[in-house]
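Before any comments, here is the structure.
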Amino acid sequence: MLKISIFISTLLISTELIAQNLYSRKLNSCITAHFCLDCGDVKATVNKKKFEILVTNLSASNNLKGIIGKIKFQILVDSTGKGCVLSHTDLSDNIITKNIVAALNKFDGFIPAKYNEENVERSSFDILFEIEGRAINGRVVRVDQEAFMQSFDIPNSPKIDNKKYFYKNENLKDYKITVWNSRNSSLSNNWNDNIAVDKKGIIWLTIRGGLVTFDGNIFNNAEQNIKEKGKYFHYGSIAVDNENTKWVSGRGNIFSYKEGVWKINDSIEYDLSGSQNIISSPKTSEIFFCTSNGLKVYKNGEWLNFNKDKITELPTKRVTFANRDSKNRIWLSTFSGSVLIDENGKSRSLNETIFKGKCINAMDEDENGNLYFSLIEYESKTEGKLVSHNYKNGGLGILYSNGKAKKLTVENSGMPVNAISSLLYDKNEKVLWISTKTAGLVRYNLNDIWENYHSDNSKIPTSFISAMTFDNDGKLYLATRQGLVRVERQ
């Protein structure tokens, strides 16, 4: 008998920017921007009658003689009920598996997840198919969230794509690296994805399902107390404005915290729904909210709104990144391209030089007005979709104050990988810090000298770094999947 290869017990996660691919065979047909894992007050599922018909047709149309096995399929369903197969467990690519994938991608009986009776934009769940006795049986199965999370509580070994550059790491000895995790501190779990520092030097950190603050000694619960958390709650991006107000995205809302009081910001005029990225611009006292319906900018109690009605060059409604530079220009990005609003308020599409076919994920500026960008390739034929394995064509973009530009990648520099999770210019050391989700921390001296610190050569406990920030003393903090890390000059 032929037994289809399965790896159901192994949970994997994509190290790309957004997607969470559970299983080892990853497919490229889904729009994976911003989805949650088997989430919702009402979880995504299938219409039972339509699904029974699908399973019956699969049994009748496939040659199942001598075939036994089990295959799990990760299904991604959007708010309209359109679904597709994101990943599955069959590494053999059996023809029956391919036929099941094709049938699921055409299936019109998916039911989206819901939060507060509203459809979730994108959610994934699992379907298990079992083949035995010349028949196929299928059923919805729920993701074991605890097992999924625990599978990441191990260090990620580095994956270095650059095989040509030799990293001497001569400055590594000059840094003191301190790690706080669930084993040596009051941090309840090690899943840290978002980080910010307030004006008093307090670290604000998202953990798995929660929000904490850190004063340098103790981690304290910082949960908002104005909205019930329910069965699933996820805090996202964090930013701090010049008035020391903390802004946090969480479960479809934007929360703000000032002087000990939490507030839900649900302005009708400036809809903040779908805010996946909140960015602070201390030099201009602005907070940028990247929403599903454009860019919302908050400054000193006033709101500005940039959407497709005002910025016709915006390729899609959803803005994924925005910030302002020292020349008063706003850089906006979507997963279908980027736009520049100049100092006179005129906008133009960015699709030349280093920005051609790329969107912006992160940005910083040095004291000379040179700009540094994390770039990601997007799919030109499909709106809002990043190219699978976009790290191959991402990289670091530099736009100099004199107008010249260049892109640095694994192929032409010491970049260890092309996928950047965040970047920060260090004004004290005159270097660029780059974090990655596969290769750890990168130190670039802006003059062709690259250093790469990770779990194999330093005290940094993992090579998966989600975000970074400087504290008020210029010390570098890393949010990682193995706890909070501080890097400071000795």
Side-chain angles (χ1 to χ4, degrees), residues 7-46 71-89 104 110-116 118-128 139-154 156 189-194 206-211 229-237 249-253 274-277 292 320 335 384-386 388 421 437 464 466-467 479-481:
F7 294 86
I8 291 176
S9 62
T10 303
L11 290 174
L12 303 175
I13 189 166
S14 166
T15 55
E16 295 174 358
L17 178 66
I18 293 169
Q20 292 176 322
N21 294 317
L22 289 183
Y23 304 116
S24 46
R25 178 59 70 195
K26 300 172 179 63
L27 307 181
N28 302 324
S29 58
C30 301
I31 298 177
T32 58
H34 300 294
F35 71 87
C36 59
L37 182 66
D38 206 8
C39 62
D41 300 324
V42 179
K43 296 182 183 298
T45 187
V46 296
I71 314 165
K72 265 189 181 178
F73 295 83
Q74 183 187 14
I75 311 298
L76 188 64
V77 180
D78 68 17
S79 60
T80 68
K82 180 177 175 57
C84 68
V85 179
L86 183 61
S87 65
H88 62 74
T89 58
L104 289 171
F110 291 117
I111 300 173
K114 289 180 180 292
Y115 278 136
N116 298 328
E118 292 186 4
N119 290 354
V120 174
E121 184 176 6
R122 293 186 184 91
S123 171
S124 80
F125 70 101
D126 286 357
I127 294 178
L128 174 65
R139 58 188 172 90
V140 172
V141 293
R142 294 301 164 194
V143 175
D144 186 336
Q145 297 278 354
E146 189 60 31
F148 176 73
M149 296 303 181
Q150 288 179 359
S151 70
F152 296 105
D153 203 11
I154 56 174
N156 289 70
N189 68 72
N190 295 326
W191 187 292
N192 308 144
D193 272 344
N194 302 279
T206 64
I207 60 175
R208 186 178 74 230
L211 179 68
K229 290 190 65 175
K231 297 178 181 178
Y232 172 86
F233 202 98
H234 173 72
Y235 291 106
S237 187
S249 64
R251 197 174 176 182
N253 295 106
S275 295
Q276 299 289 339
N277 202 5
S292 56
T320 55
F335 287 150
K385 182 180 180 181
L386 301 180
S388 179
S421 58
K437 294 184 178 180
F464 193 112
S466 302
T480 84
R481 293 286 169 83

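As the structure is a computational prediction, the values presented were derived from the model and not from experiment.
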Any side-chain heavy-atom pair of [X] and [Y] under 4.5 Å:
X	Y	value
Phe125	Val46	yes
Thr45	Arg142	yes
Ser124	Leu76	yes

Between [X] and [Y], which heavy-atom pair has the shortest distance, and what is it?
X	Y	result
Leu128	Val141	CB-CG1, 4.0 Å
Ser275	Ser249	O-CB, 3.6 Å
Asn194	Tyr235	ND2-O, 4.1 Å
Ser123	Cys39	OG-N, 3.7 Å
Phe464	Arg481	CD2-CG, 3.4 Å

Interatomic spacing from NZ in Lys43 to CG in Asp41 - rounded to 0.5 Å: 9.0 Å
Inter-residue atom distance Arg25.CZ - Thr89.OG1, 0.5 Å rounding: 11.0 Å
Listed partners of Asn277 passing side chain to side chain contact (heavy atoms under 4.5 Å, CB included), at least two apart: Ser237, Ile279, Cys290, Phe321
With sequence neighbours excluded, residues passing side chain to side chain contact (heavy atoms under 4.5 Å, CB included) with Asp78: Thr80, Lys82, Arg122
is_close_aromatic(His88, Tyr23), centroid dist under 6.0 Å: no
Audit row: Gln74, Leu37, side chain to side chain contact (heavy atoms under 4.5 Å, CB included) steps and yes/no: CA-CA 10 Å; Gln74 183 187 14; Leu37 182 66; 4.1 Å; yes
Donor-acceptor under 3.5 Å (Asn189 side chain, Arg208 main chain): yes
Val140, Val85, Leu86 screened by side-chain contact (heavy atoms from CB on, under 4.5 Å) with Ile75, the one that passes: Val85
Exercise: do Ser466 and Asp193 side chains pair donor with acceptor under 3.5 Å: yes
Criterion side chain to side chain contact (heavy atoms under 4.5 Å, CB included) on Leu27 and Phe73, from CA distance to verdict: CA-CA 11 Å; Leu27 307 181; Phe73 295 83; over 6 Å; no
From CA spacing to verdict: side chain to side chain contact (heavy atoms under 4.5 Å, CB included), Trp191, Ile207: CA-CA 5 Å; Trp191 187 292; Ile207 60 175; 5.7 Å; no
